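Contents: one structure, followed by commentary.
Treat the numbers as computed from the prediction; the structure is a model and nothing was measured.
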Amino acid sequence: MLPHTLAKAADSAAPANRGWELFPHEADTGVRGFGPTPEAAFEQAAQALTAAITDPRGVMPRRMVEMECAARDIEFLLVEWLNTLVYEMATRRMLFSRFAVHIRGTGLRARAWGEPIDAARHEPATEVKGATFTALKVARRPAGGWLAQCVVDV
């Protein structure tokens, strides 16, 4: 059972061509983001990562953290991005709910906004250990826009 939702993001403020979802994968969880650009799809995949832990709507964007990563191609960059988020969440003991991603070539610079974990309020359902190469895909969608997905180890 996935912690929060299998449905697309319920954020009514999000444009119709952006969203995220979780999908089951054996004992782990898949995260999927989609948007009009690769950057937007990466931002939405990050929302799905948070949703694997807690309801992102309950995470207040109180503090901003800057992050950078690079990889050999855009698919590996998604894994690096999500693993950078997992590292920042673990070392800062924070959850994030808002993201701004900028991709140039195979490098990524991002800002993430969130707050310290409050176990009583956030009720974390699981701990994400890291992003994997399983079901890894970053590609244009046939209907337009971009898809960014992979399975995360929980």
Side-chain angles (χ1 to χ4, degrees), residues 1-11 14-59 65 67-103 105-114 117 119 122-154:
M1 178 83 184
L2 297 175
H4 295 284
T5 182
L6 282 171
K8 292 179 185 171
D11 181 3
N17 59 350
R18 291 178 188 247
W20 58 266
E21 60 189 11
L22 300 174
F23 60 92
H25 186 274
E26 298 176 11
D28 294 318
T29 299
V31 297
R32 182 177 291 138
F34 50 94
T37 63
E39 290 89 347
F42 276 46
E43 292 166 0
Q44 294 299 310
Q47 285 284 354
L49 180 71
T50 297
I53 301 165
T54 190
D55 185 343
R57 295 171 295 185
V59 179
V65 175
M67 301 172 209
E68 290 186 38
C69 58
R72 70 179 199 196
D73 63 34
I74 197 160
E75 287 186 331
F76 280 58
L77 188 59
L78 176 64
V79 172
E80 286 297 319
W81 161 233
L82 296 177
N83 281 330
T84 298
L85 281 171
V86 169
Y87 173 81
E88 294 293 339
M89 286 190 284
T91 60
R92 295 176 186 271
R93 300 197 36 76
M94 288 181 71
L95 293 169
F96 298 105
S97 61
R98 188 173 139 220
F99 307 91
V101 171
H102 302 283
I103 297 172
T106 57
L108 179 147
R109 296 185 78 194
R111 292 181 177 176
W113 290 264
I117 296 170
H122 294 128
E123 299 179 349
T126 189
E127 178 184 356
V128 174
K129 297 173 192 146
T132 73
F133 297 101
T134 304
L136 177 59
K137 185 174 186 178
V138 176
R140 289 185 186 270
R141 299 171 66 202
W146 285 80
L147 166 76
Q149 73 173 31
C150 73
V151 170
V152 294
D153 183 18
V154 293

Under 3.5 Å: donor-acceptor pair, side chain of E43, backbone of V101: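 Indeed, once roles are kept as given, a pair shorter than 3.5 Å links the two residues.
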
Within the side chain of N83, is there an N or O that forms a donor-acceptor pair under 3.5 Å with the backbone of A131? yes

In the structure I gave you, are the side-chain heavy atoms of T84 and Y87 within less than 4.5 Å of one another anywhere?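 They are not in side-chain contact.
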
Quick one: does V138's side chain get under 4.5 Å of F42's, heavy atoms only?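 SC-SC contact between V138 and F42 confirmed.
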
Show the numbers, then the answer: is there a side-chain contact (heavy atoms from CB on, under 4.5 Å) between D28 and T134? CA-CA 10 Å; D28 294 318; T134 304; over 6 Å; no

If you compare all heavy atoms of [X] against all heavy atoms of [Y], which two are closest, and at what distance to 0.1 Å?
X    : Y    : value
W20  : Q44  : CB-O, 3.2 Å
W81  : A110 : CZ3-CB, 3.4 Å
L78  : A45  : CD1-CB, 4.1 Å
A119 : P124 : O-CD, 3.7 Å
S97  : V59  : OG-O, 2.7 Å
V31  : L22  : CG1-CD2, 3.8 Å

With rounding to the nearest 0.5 Å, note down the distance linking [atom1] in [X] to [atom2] in [Y].
X    : Y    : atom1 : atom2 : result
L147 : R32  : CG    : CZ    : 6.5 Å
I74  : T106 : CD1   : OG1   : 9.0 Å
R140 : T37  : CZ    : OG1   : 10.5 Å
F34  : E21  : CZ    : CD    : 6.0 Å
E39  : H102 : CD    : NE2   : 8.0 Å
Q47  : R57  : CD    : CZ    : 11.0 Å

Using the test side chain to side chain contact (heavy atoms under 4.5 Å, CB included), find all partners of A112 that sit at least two apart in sequence or belong to another chain.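 Scan of A112 (side chain to side chain contact (heavy atoms under 4.5 Å, CB included), adjacent residues dropped) gives M67, L85, F96, F99.
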
List in chain and number order the residues that pass salt bridge (charged side-chain N to carboxylate O under 4.0 Å, His left out) with E68, two or more places apart in sequence or in another chain; answer none if no residue qualifies.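 Once residues adjacent in sequence are excluded, the partners of E68 under the salt bridge (charged side-chain N to carboxylate O under 4.0 Å, His left out) criterion are R109.
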
List in chain and number order the residues that pass salt bridge (charged side-chain N to carboxylate O under 4.0 Å, His left out) with E80, two or more places apart in sequence or in another chain; answer none if no residue qualifies.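 E80 satisfies salt bridge (charged side-chain N to carboxylate O under 4.0 Å, His left out) with no residue once adjacent residues are dropped.
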
Could you walk me through whether M89 and L95 satisfy the side-chain contact (heavy atoms from CB on, under 4.5 Å) test, starting with their C-alpha distance in whole Å, then the side-chain angles of each, then the deciding distance to 0.1 Å, before giving a yes or no? CA-CA 6 Å; M89 286 190 284; L95 293 169; 4.1 Å; yes

With K129 as reference, evaluate V86, V152, D153 under the side-chain contact (heavy atoms from CB on, under 4.5 Å) test and give the passing residue.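 Among V86, V152, D153, the one meeting side-chain contact (heavy atoms from CB on, under 4.5 Å) with K129 is D153.
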
